[in-house]
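Worksheet: the structure to be examined is printed underneath.
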Amino acid sequence: MTSISDNVKRIRENIADVAIASGRSPNDISLVAASKTKSAEDVRQAISAGVDAVGENRVQELVAKHSQGAYLGAPLHFIGTLQSNKVNKVVGVCDLIDSLSSASLLTQIGRRAESLGIVQDVLVEVNVGNEPQKAGIVPEKLDELMELASNTNGIKVLGLMAIPPFCSDKKKLCYYFDIMFQLFVDISAKKYDNVSVQFLSMGMSDSYTEAIKAGSNMVRIGTALFGER
Ligand SMILES: *Cc1c(COP(=O)(O)O)cnc(C)c1O
């Protein structure tokens with residue numbers, strides 16, 4: 001069995017290879033360890049192996065591991081579906097909420113952040129495949145959400161996140177990654193208040209090299225880093 005630090009090392013090497021092959025710097029790609037179901041000790045090992053951030057999916061799990069000091073030394077992201085009754089538990093606790101998926105969540109996060117006297121950094125999750133069962137803003141509604149963000153205090157949008165439809169065909173997957181990169185370029189070109197586009201978060205264990213080739217600069221990796229869940 002390979003260790004978490006071996007896995008991080010191997011993933012970093014793969015990231016560096018594709019980054020360089022696409023004319024970019026390996027340092028521009030942020031590696032987020034997706035640590036759902038993994039122990040506080042596993043998370044600590046990932047952090048000491050040098051991941052750039054840790055991403056949690058479930059609020060309850062995040063709160064538990066947080067109280068065990070699991071995240072010391074690395075930024076903490078919330079990457080799961082956020083229910084409105086859990087907003088207060090993540091705003092101000094997470095450095096980045098990668099999965100802002102609706103106008104009402106945006107308003108609630110902004111309100112909570114304002115009451116704490118902070119600005120919460122977020123990424124907007126895009127439902128790039130228009131899948132009814134999936135969270136996120138459909139591409140046609142993205143501009144409207146950015147407008148709302150520009151009029152909402154307590155929030156700063158740092159970019160976009162996506163979990164494309166499952167595609168066994170890598171070519172089809174790349175089609176969705178390309179759409180995301182275009183959306184990222186489009187919103188970067190527009191000047192909204194409260195929006196400072198830096199991150200395009202896409203790519204997981206089985207797709208991060210394709211995602212980076214398509215322009216991702218933040219990958220969220222679980223299985224390849226921690227082993228099977
Ligand atoms: C679990 C998860 C990942 C990582 O998935 P793997 O396939 O295990 O790498 C990435 N993003 C989100 C939102 C996740 O829930």
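We count ligands from 1, going down the list as the structure has it; atoms in each ligand are counted the same way.
Near Ile163, meaning under 4.0 Å from one of its heavy atoms, ligand 1 places the atoms 13 (C). For ligand 1, the atoms lying closer than 4.0 Å to a non-hydrogen atom of Ala34 are 3 (C), 4 (C). The ligand atoms of ligand 1 that sit less than 4.0 angstrom from a heavy atom of Ile221 are 9 (O).
With respect to atom 8 (O) of ligand 1, the closest heavy atom belonging to the protein is Thr223 OG1, 2.6 Å. Taking atom 13 (C) of ligand 1 as the reference point, the nearest protein heavy-atom neighbour is Ile79 O, 3.4 Å. Closest to atom 6 (P) of ligand 1 among all protein heavy atoms lies Ser205 OG, 3.5 Å.
Between the choices Lys36, Met204, His77, the shortest heavy-atom distance to atom 14 (C) of ligand 1 belongs to Lys36. Across Arg58, Glu125, Glu56, Arg220, heavy-atom proximity to atom 11 (N) of ligand 1 is greatest for Arg220.
Proximity of Lys65 to Val54: side-chain heavy atoms (C-beta onward) are nowhere separated by under 4.5 Å. Inter-residue side-chain proximity for Met202 and Ile163 is flagged as unmet; no heavy-atom pair is nearer than 4.5 Å. Residues Ser99 and Thr81 have side chains not in contact (no heavy-atom distance under 4.5 Å, counting atoms from C-beta outward).
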- Message: Apply side-chain contact (heavy atoms from CB on, under 4.5 Å) to residues Glu140 and Asn130 and explain how you reach the verdict.
- Response: CA-CA 10 Å; Glu140 306 79 67; Asn130 272 290; 3.9 Å; yes
task = Please test Arg44 against Glu41 for salt bridge (charged side-chain N to carboxylate O under 4.0 Å, His left out), starting from the C-alpha separation and ending with a verdict.
result = CA-CA 5 Å; Arg44 283 188 209 102; Glu41 181 47 35; 3.2 Å; yes
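Put simply, CD on Glu125 and CD1 on Ile97 are 12.0 Å apart, with the number rounded to the nearest 0.5 Å.
Residue Asn57 touches ligand 1 through its side chain alone, judged by heavy-atom distances below 4.0 Å.
Remark: ligand 1 and Met161 share no N or O pair separated by less than 3.5 Å (distance only, no angle test).
A salt bridge links Asp52 to Arg12: at least one charged side-chain nitrogen sits closer than 4.0 Å to a carboxylate oxygen.
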